[in-house]
Amino acid sequence: RARRGLRVLQHNVSLEFRWEEERYTDGVKWKFLEHKGPVFAPPYEPLPSNVKFYYDGKPMKLSPEAEEVATFFAKMLDHEYTTKDIFRKNFFKDWRKEMTSEEKSTITDLKKCNFSEMSEYFKAQSEARKAMTKEQKQKIKEENERLLQEYGFCIMDNHKERIANFRIEPPGLFRGRGDHPKMGMLKRRIRPQDIIINCSKDSKYPTPPPGTKWKEVRHDNKVTWLVSWTENIQGSIKYIMLNPSSRIKGEKDWQKYETARRLKKCVDRLRAQYREDWKSKEMRIRQRAVALYFIDKLALRAGNEKEEGETADTVGCCSLRVEHLKLHPESEGQEFVVEFDFLGKDSIRYYNRVPVEKRVFKNLQLFMENKEPDDDLFDRLNTSILNKHLQELMDGLTAKVFRTYNASITLQQQLKELTNADDNIPAKILSYNRANRAVAILCNHQRAPPKTFEKSMQNLQTKIDAKKDQLSDAKRELKSAKADAKVRRDEKSKKAVETKRKAVQRIEEQLMKLEVQATDREENKQIALGTSKLNYLDPRISVAWCKKWGVPIEKIYNKTQREKFAWAIDMADEDYEF
DNA sequence: TACTGCACTTAGAAGTATGGAG
DNA sequence: CTCCATACTTCTAAGTGCAGTA
């Protein structure tokens, strides 16, 4: 069997009919799995002796262990993290654990530590890397490619599949998002004896580096991961899994959208049901119904409970607290306005003012009565209760399915509404991006405005102005050419008019393209389109739209995305309906 | 029923490659 | 050809949800 695996590796079997292959039942994910194991982070290279660390103004040679951790901090010196108290405190505490007893007794105050020589050294190194010759860069590229070819693929059943993350995360300082209580802690180096390998019994097992052993080799075909280890910050498990282009991820993705489409068929019934439930005599049912309304209408996340003090304080729907909502019986001419203001996943702020139905508003008043700001809004509800209820309403239904459903249906509707048949392709793509943007806004997918945003907008405006000047020049030239032709009435001047006319036309097109680009960019300033495109939008909607309007799929999906959505590109024709 | 561990999806930031303008 | 903004890729944190256990 192992030999057979190898043969597949060499021949790279055709993927043509993979979506039609039979599926396994009862949780079996594969029958054969062979891989080479992970690639470890490169070992620490001590600093050259001329690069010094100073404590209290005096140079100090650190032990390799302490020095390595110091370099992690030095590399982040320009980052805001290193100014934060919690980050500094956590870092210093963990750094001290790596010090020798002498170092520990000398280095007692982070403020007296001077990492600037180290920092300069790393900056110089990165400059040097940029300045390398083509040949040197090519060599590195080839080495990376070799590593990818050796470790970046596995055999799962009859296919050679790309692995998503075959490199083990290198050691460093933990960078939590938002106000994370553990930011700055030392993320320790992962060694072979920390690693669990998962592969099939009849495969050729990966070999640990010379002189080391794996923690365990197991053969669990009810899971999809190849390698796992336990991370030391939260104590959670990390995995090496397959690329999104793989059969196992693709099928799962497809299944996700099929579940969302089943929700489409019964969503009216469910909506009617939760509206009824707003009137229930039971508090738990009213809470469940209002929460579901938010999840449906506002595409909120479920909101699992989190361990206090272990992570940043963020919430989702079921974990909303009284302090996260303000009720306005009347505001800006609208009745029953709810103002949401809370931090969601990744500590991204959710701010929204929404008019709701009177019954919802009255219920919210009731839920908030006699509560402190930090009390739960839905005190009789959690995600497990909600999901159990959803499961009864539809097989496979959970809170997150609503996000998928509402995102995909919104894209489909917006595309219908925004696409103009007689637009040219750039304008059609703008419409697509606008539809995509509507979804990103619904799902609250934000990004930090690019650091160079203002400048790049200005640059674009300059270009537009220049193009306008160019256009008026061209028009003037056309006019005089016409006048000239009228007088002369010869072939040569007629031709000149045609040339000028073409020039005007070309410049007009260029100008329009630039203006479209400016609009698109401005509207996109703080909005991230990628997340919804990758995780929430049924790709078959986009494929069908491309086919219908003759837009090349490459304009919508880049290479990686086309690989991930190969199943959809294969499957959907132009009349596909979500 | 609550709790916890595990597996897997979703997320924005950071790092790197690329291609178009000058 | 070079430079720089943009596009793409990688990274890994932070969610969801389920199953097993007490």
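Numbers restart at 1 for each chain; the letters A, B, ... are given by sequence-line order, proteins then strands. What you are looking at is a predicted structure, and each value in this text was computed from that prediction instead of being measured.
- Residue A:G530 is classed as having no contact, given no heavy-atom separation below 4.0 Å to the nucleic acid.
- OP1 or OP2 of B:dT1 has not a single side-chain nitrogen or oxygen of A:N382 nearer than 4.0 Å.
- In this entry the distance linking CZ of A:R162 with P of C:dT10 reads 6 Å, nearest Å.
- Taking the side chain of A:N304 as heavy atoms from C-beta on, and the options B:dT10, C:dT16, B:dA13, the nearest nucleotide is C:dT16.
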Query raised in the report: Do A:S542 and A:Y432 pass the side-chain hydrogen bond (donor to acceptor under 3.5 Å, both in side chains) test, and can you show the C-alpha distance, the side-chain angles, and the key distance before you say yes or no?
Result: CA-CA 9 Å; A:S542 302; A:Y432 182 91; 2.7 Å; yes

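- One finds no side-chain N or O of A:K559 lying less than 4.0 angstrom from the OP1 or OP2 phosphate oxygen of C:dC8.
- We find that CD of A:Q234 is positioned 15 Å from P of B:dC6, with the value rounded to whole Å.
- Salt bridge A:R247/A:E251: present, at least one basic N to carboxylate O contact under 4.0 Å.
- Considering only side-chain N and O atoms, A:H445 lies under 4.0 angstrom from the phosphate OP1 or OP2 of B:dA11.
- Ranking C:dG17, C:dA13, B:dT10 by closeness to the A:Y536 side chain, first place goes to B:dT10.
- Close to B:dA2, at under 4.0 Å from its OP1 or OP2, lies no side-chain N or O of A:S384.
- Proximity of the aromatic rings of A:F166 and A:Y151 is defined here by a centroid distance below 6.0 angstrom, and this criterion is not met.
- Under 4.0 Å is where a charged nitrogen must lie from a carboxylate oxygen, and between A:E563 and A:R162 no such pair does.
- Between A:R191 and A:D194 there is a salt bridge, since a side-chain N of the basic residue sits under 4.0 Å from a carboxylate O of the acidic one.
- Comparing atom distances between the A:E169 side chain and each of C:dT12, B:dT10, C:dA14 picks out C:dT12 as nearest.
- A:N144 has its CG atom 10 Å from the P atom of B:dT16, to the nearest Å.
- Among the nucleotides C:dG15, C:dT16, C:dT12, the one closest to the side chain of A:K400 is C:dT16.
- In terms of position along DNA chain C, the nucleotide closest to A:G176 lies nearer the 5' end than the nucleotide closest to the other residue of the pair A:T398 and A:G176.
- Ion pair A:E142/A:K139 not flagged as a salt bridge, since none of the NZ, NE, NH1 or NH2 atoms sits closer than 4.0 Å to an Asp/Glu carboxylate oxygen.
- Of the residues near DNA chain B, A:D253 and A:S228, the one whose nearest nucleotide (by heavy atom distance) lies more toward the 5' end is A:S228.
- Contact annotation: A:K345 side-chain N/O to C:dT16 OP1/OP2 distance is not under 4.0 Å.
- Backbone-only contact: A:Q446 has heavy atoms under 4.0 Å from sugar-phosphate atoms and none from a base.
- In terms of phosphate contacts, A:K256 brings no side-chain nitrogen or oxygen within less than 4.0 Å of OP1 or OP2 of B:dT9.
- A salt bridge links A:R146 to A:E150: one of the charged nitrogens lies within less than 4.0 Å of a carboxylate oxygen.
- One interatomic measurement links the two molecules: CD1 of A:I348 to C1' of C:dA14, which rounds to 11 Å at whole-angstrom precision.
- Nearest to the side chain of A:R218, among B:dA11, C:dA13, B:dA7, sits B:dA7.
- Checking B:dT10, C:dT12, B:dA13 against the side-chain heavy atoms of A:P170 singles out C:dT12 as nearest.
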Query raised in the report: Given A:F340 and A:L320, is the side chain to side chain contact (heavy atoms under 4.5 Å, CB included) satisfied, shown in steps?
Result: CA-CA 10 Å; A:F340 292 84; A:L320 281 168; 4.3 Å; yes

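- As rounded to whole Å, 14 Å separates atom C1' of B:dT1 from atom CZ of A:R284.
- Taking a cutoff of 4.0 Å between a charged side-chain nitrogen and a carboxylate oxygen, A:D313 and A:R321 qualify as a salt bridge.
- For A:A399, whose side chain is taken as the heavy atoms from C-beta onward, the closest listed nucleotide among C:dG15, B:dT10, C:dG17 is C:dG17.
- Atom NZ in A:K222 sits about 12 Å away from atom C1' in C:dA19, given to the nearest Å.
- As judged by a 4.0 angstrom heavy-atom cut-off over every strand, A:K130 is placed among residues making no nucleic acid contact.
- As a whole-Å value, the separation of A:K29 NZ from B:dC6 C1' is 11 Å.
- With DNA chain B read from its 5' end, the first of the two nearest nucleotides for A:S532 and A:R175 is the one closest to A:S532.
- Within 4.0 Å (heavy atoms only), A:K252 reaches sugar-phosphate atoms of the nucleic acid but no base atom.
- Within the 4.0 Å cut-off from OP1 or OP2 of B:dA11, at least one side-chain nitrogen or oxygen of A:R301 is found.
- Comparing C:dA14, C:dT12, B:dT9 by their closest approach to the side chain of A:K249 singles out B:dT9.
- When distances run from any side-chain atom of A:H79 to the nucleotides B:dA14, B:dT9, B:dA13, the shortest one goes to B:dA14.
- Taking the side chain of A:T560 as heavy atoms from C-beta on, and the options C:dA13, B:dT10, C:dC8, the nearest nucleotide is C:dC8.
- Contact annotation: A:K141 does not reach the phosphate of B:dT16 (side-chain N/O to OP1 or OP2, under 4.0 Å).
- Across all strands, A:G303 comes closer than 4.0 Å only to sugar-phosphate atoms, never to a base (heavy-atom distances).
- Within residues 235-244 of chain A, the residues that have a heavy atom under 4.0 Å from DNA chain C are, in order of number, A:K238.
- Protein atom CG of A:L529 is 14 Å distant from nucleotide atom C1' of C:dT6, rounded to whole Å.
- DNA chain C is contacted by both A:Q391 and A:F174; A:F174 maps to the nucleotide lying nearer its 5′ end (nearest heavy atom per residue).
- Here the side chains of A:F174 and A:Q234 are in contact, with some heavy-atom distance below 4.5 Å.
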